[in-house]
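Letters go in sequence order (proteins before strands), and every chain restarts at 1.
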Amino acid sequence: MPAPEAADPQPLVLSHLRRLEAESIAILREVAAEFRNPVMLYSIGKDSSVLLHLAMKAFHPGKPPFPLLHIDTTWKFRDMIAFRDQRVRELGLELLVHVNPEGLAQRIDPFVHGSALYTDVMKTQALRQALDMHGFDAAIGGARRDEEKSRAKERIFSHRSITHRWDPKNQRPELWSLYNTLLAPGESMRVFPLSNWTELDVWDYIQLENIPIVPLYFASLRPVVERDGALIMVDDERMPLRPGETPEWRSIRFRTLGCYPLTGAVPSTASDLAAIVHEMMASRTSERQGRVIDRDSTASMERKKVEGYF
Amino acid sequence: MAVHHAIAARAHEPATTHAQDKPTLRLVTCGSVDDGKSTLVGRLLYDSKMLLDDQLDALSADSKVAGTTGPALDFALLVDGLQAEREQGITIDVAYRFFATRRRRFVVADTPGHVQYTRNMATGASQADLAVVLIDARKGVISQTRRHSHILALLGVRHVLVAVNKMDLVGFDADRFTAIAIAFRTMAGQLGIADVQCIPVVACDGDNIINGSARMPWYDGPSVMDHLEQVDVSDGIASRPFRFPVQWVNRPNAEFRGFSGRVAGGAIRCGDPVVVQPSGRRSRVSGIVTADGRLQQAVSGQSVTLLLADEIDASRGDVLTSGTAPLVTDHITAQLIWFDDEAMRPGRRYLLKSGTSSIGATVATMKHRVDIETMAQEAASTLDANEIGCVEIALDRPLVCDAYRDNRDLGSFILIDPFSRHTVAAGLIDAPLRRPANISWHPTTVDKSVRARLKQQKPCVLWLTGLSGAGKSTIANLVDRRLCELGRHTALLDGDNLRHGINRDLGFTPEARVENIRRVTEIAALFVEAGLITLVSLISPFRADRAMARKRFAEGEFIEVHVATALATCEARDPKGLYKRARAGELSNFTGIDQAYETPESPDITIDGAVLSAEAAAELIVRHLRAHHYV
């Protein structure tokens, strides 16, 4: 056998990140090929940033053959909305934004109505409305199996009933890379191309590929109050301060991004990617620790997912 | 708190790990209910310090509420993520967990033990490099161990780590461990699982999980983690023939037309010739496009977009190939693992999905079912949920595929019920009996007709089929002698005699019979080519096999002779004492006893063995040859 050429630009075996990348790209292309009207959920966070980057790669030199959909709860960090609009403009993509009009009319507010009701109305119901309104048959999301226990159980192509419900006890077998994409009218598929990525993989990849992310991931001086054990950033004037609470300027950053009233910050001075990765590897808590809604009960994520939450 | 080894090791690595890449080992855990699979996985995560504080807090709280371990941590709760699982204390669906050590990354698919969730176990196993099989030391190798091992072997998981768990409950008995290890190895040998490592453990206490066990000083082998970090599971797919199923045709504008997909075997370089299957059109790769620029080479596992030098029509489902040609066939033989509660029935329509192809399919023939207990192949006409069997599938149009053992991506498929839309089965394509396409026929100048004229006879095959003891060999011998007396050129192929030579490696399973018939057919075809009247005496019990043999010959060259002697008569004769042995259970797959004989529907000649003597039968055959101008 001839010896491998020294000038060979690539090794014969793909590296860990390149393998994950290739798998995700294949999944994205599979969605484009197999579904009539797919959409990519864009939540503006780091996982969405990676997902969007992969979608740009998958269909290069063309653009992704599906629009982006953002479920806007109206309580996202202002920096996130600014970042979203900038990215979409730069990439020249179609972005659909949906807000639950009923929730808006009823002025649903996480501070007043509590996180459970708020999440149901402004996220879960809003998502179902948007999917129904546009008739999407596949919705691509950035969830990873390492995030949470019920997500660890979910298929890459995850079937949803006509009412958007997930039946965790009766999932379709998913062998090799063969995905059963058949749907009855009205049913849909949730697709998770990042299923096999870990949080560390996501950060490594962001660094490797130099992917733009929302500045809130980097430490900076920001106004926060400590509430129920979480550091909540006072992002706008809608946040009612409790007696004795005074916003404090502290060096903080976010490991995950969601709605500002429900997303706890971590004290940090990590202001670049290398420092973030280092900090994460030394961390003794998981990323979802900052998510207030996950703590409602142990099975809360599964329950929300069954009801149609992403 | 102690230093977190794994975390510390990670922190010392360069921030970007792609430079010094750690290999990933994908493993699947399996075993019966309550053998401690989830506990073992939880323990691996815990002992390799992969659990973070909030996860440990949640585990501690959960253990008090739902745990089955009293005050101690219930590690199974780490992986049993579904509410129904936690409530019932069982695993329903496969859970994927990720962790890493200094040496390797691990993706663990923790799968259910209950028989009704076998499909979920197969889901986890389909992508695994290695399986961890849990065995309860008190129970040893049980039915579910055999079922799972069989599925592992079918799915090509070649490396198995057997964790003999709950050693504390058998008093850390070394003999007990050894007995279980021997039992498993024996079974693995029958199944063709190459690499087996047995380790005695107590999963909940951590004995031999990461470190050794002071309680089992007699065991000096590796711990579970030692073995997982060191075992070599390279699959060699990178050096196999190039395969590229077209997933999506990328046409962003009139100037660009690329074929997007993921390399499913081998590698391709810019400029390499490729064949587009199933059309067989040839072209050259003129560009390998990625968002990161053009590449010189794409390797197995890589997602790229290929440009071809010629304007060739190719679309989703086509496969770009080079090297050994793939199979292009509308008829496959495959092993099926049936998942659905509604049984498999031959003749029903399914949708077959393989690679990027979706093709209408019908199970044409059910060849046999495998008894999980004994691993014996048994006659059957249907497959129920969780059963395994061998089938022949007819496809609406040709599929481009490889045998599963040659290429997992091109050799695997799923069947979908078009009405319920359930994934009803997983399938693994067998190596074919005939390989078309890649071997070109070398034309010769002296052909059959030249030889036939020279010998003044029309070459043909006389194919004598019938039960053992029906008188086939006797009649064939008499015909042979009679033709020689007439100065004709003949050859005699006797099934039993061939089994002493060219077929001595074959047994009597349905597959072996098929191969036996294929070889005899090929030899007969060579003799016919040489101008000979060729007598074949072979039980050949299955219609499909005889039809396959007939197809090998030109019209009028194949003469089917049914030696129709009743079973009772054959059994009464029993010239070799075989019926007696079969009745005594000493022989299995014996035609007429535990394997069917499918009577020919329209044989060219029927010999009624109850009426005709062997001599009269031989005369009848020779007369037929004369009447039809063979001699």
If you measure from NZ on A:K46 to CD on A:E199, what distance do you get to the nearest 0.5 Å?
-> 5.0 Å
Does a donor on one side chain and an acceptor on the other come within less than 3.5 Å for A:Q171 and A:H159?
-> no
B:I414 versus chain A, the contacting section by heavy-atom distance below 4.5 Å = both
Side chain, backbone, both or neither of B:V304 within contact of chain A (heavy atoms, under 4.5 Å) | backbone
Kindly confirm or rule out a cation-pi arrangement of A:R145 over B:Y96, judged by NZ or CZ under 6.0 Å from the six-membered ring centre and within 45° of its axis?
-> yes
Part of A:L183 lying under 4.5 Å from any heavy atom of chain B = backbone
Whatever's closer than 4.5 Å to a heavy atom in chain A on B:T24 counts as side chain
Any donor-acceptor N/O pair, B:T356 side chain to B:R316 backbone, under 3.5 Å = no
Contact class of B:V289 relative to chain A, heavy atoms under 4.5 angstrom | side chain
Contact leader toward chain A among B:V107, B:T290, B:V263, B:L351, where contacts are heavy-atom pairs under 4.5 Å = B:T290
From the list A:R160, A:R144, A:R190, salt bridge (charged side-chain N to carboxylate O under 4.0 Å, His left out) partner of A:E154 resolves to A:R160
B:N253 portion near chain A, given a 4.5 angstrom heavy-atom threshold | neither
Using a cut-off of under 4.5 Å for heavy-atom pairs, which of A:E21, A:R18, A:E23 has the most such pairs with chain B?
-> A:E23
Pair count under 4.5 Å, heavy atoms only, with chain A: among B:A426, B:S260, B:G261, highest is B:S260
Highest number of heavy-atom pairs under 4.5 Å with chain B among A:S195, A:G62, A:P61 belongs to A:P61
Chain A contact via B:S239 - side chain, backbone, both or neither, heavy atoms under 4.5 Å = neither
Which atoms of B:Q247 come close to chain A, meaning under 4.5 Å heavy atom to heavy atom: side chain ones, backbone ones, both, or neither?
-> both
Taking only residues two or more places apart in sequence or in another chain, which ones pass ring-ring contact (aromatic ring centres under 6.0 Å, His included) with B:Y350?
-> B:W338
Classify the ring geometry between A:Y205 and A:W197 as parallel (under 30°), tilted (30 to 60°) or perpendicular (over 60°).
-> perpendicular
Quick one: what part of B:R421 sits under 4.5 Å from any heavy atom of chain A, side chain, backbone, both or neither?
-> both
Distance-only, no hydrogens or angles: does the B:S354 side chain make a donor-acceptor pair with backbone N or O of B:F413 under 3.5 Å?
-> no
Out of curiosity, B:L45 CG to B:F106 CZ, how far, rounded to the nearest 0.5 Å?
-> 11.0 Å
Between B:D417 and B:H422, is any side-chain donor less than 3.5 angstrom from a side-chain acceptor?
-> no
Please state whether the side chain, the backbone, both or neither of A:S177 comes within less than 4.5 Å of a heavy atom of chain B.
-> both
Select, from A:R19, A:K57, A:E30, the one with the greatest count of heavy-atom pairs under 4.5 Å involving chain B.
-> A:E30
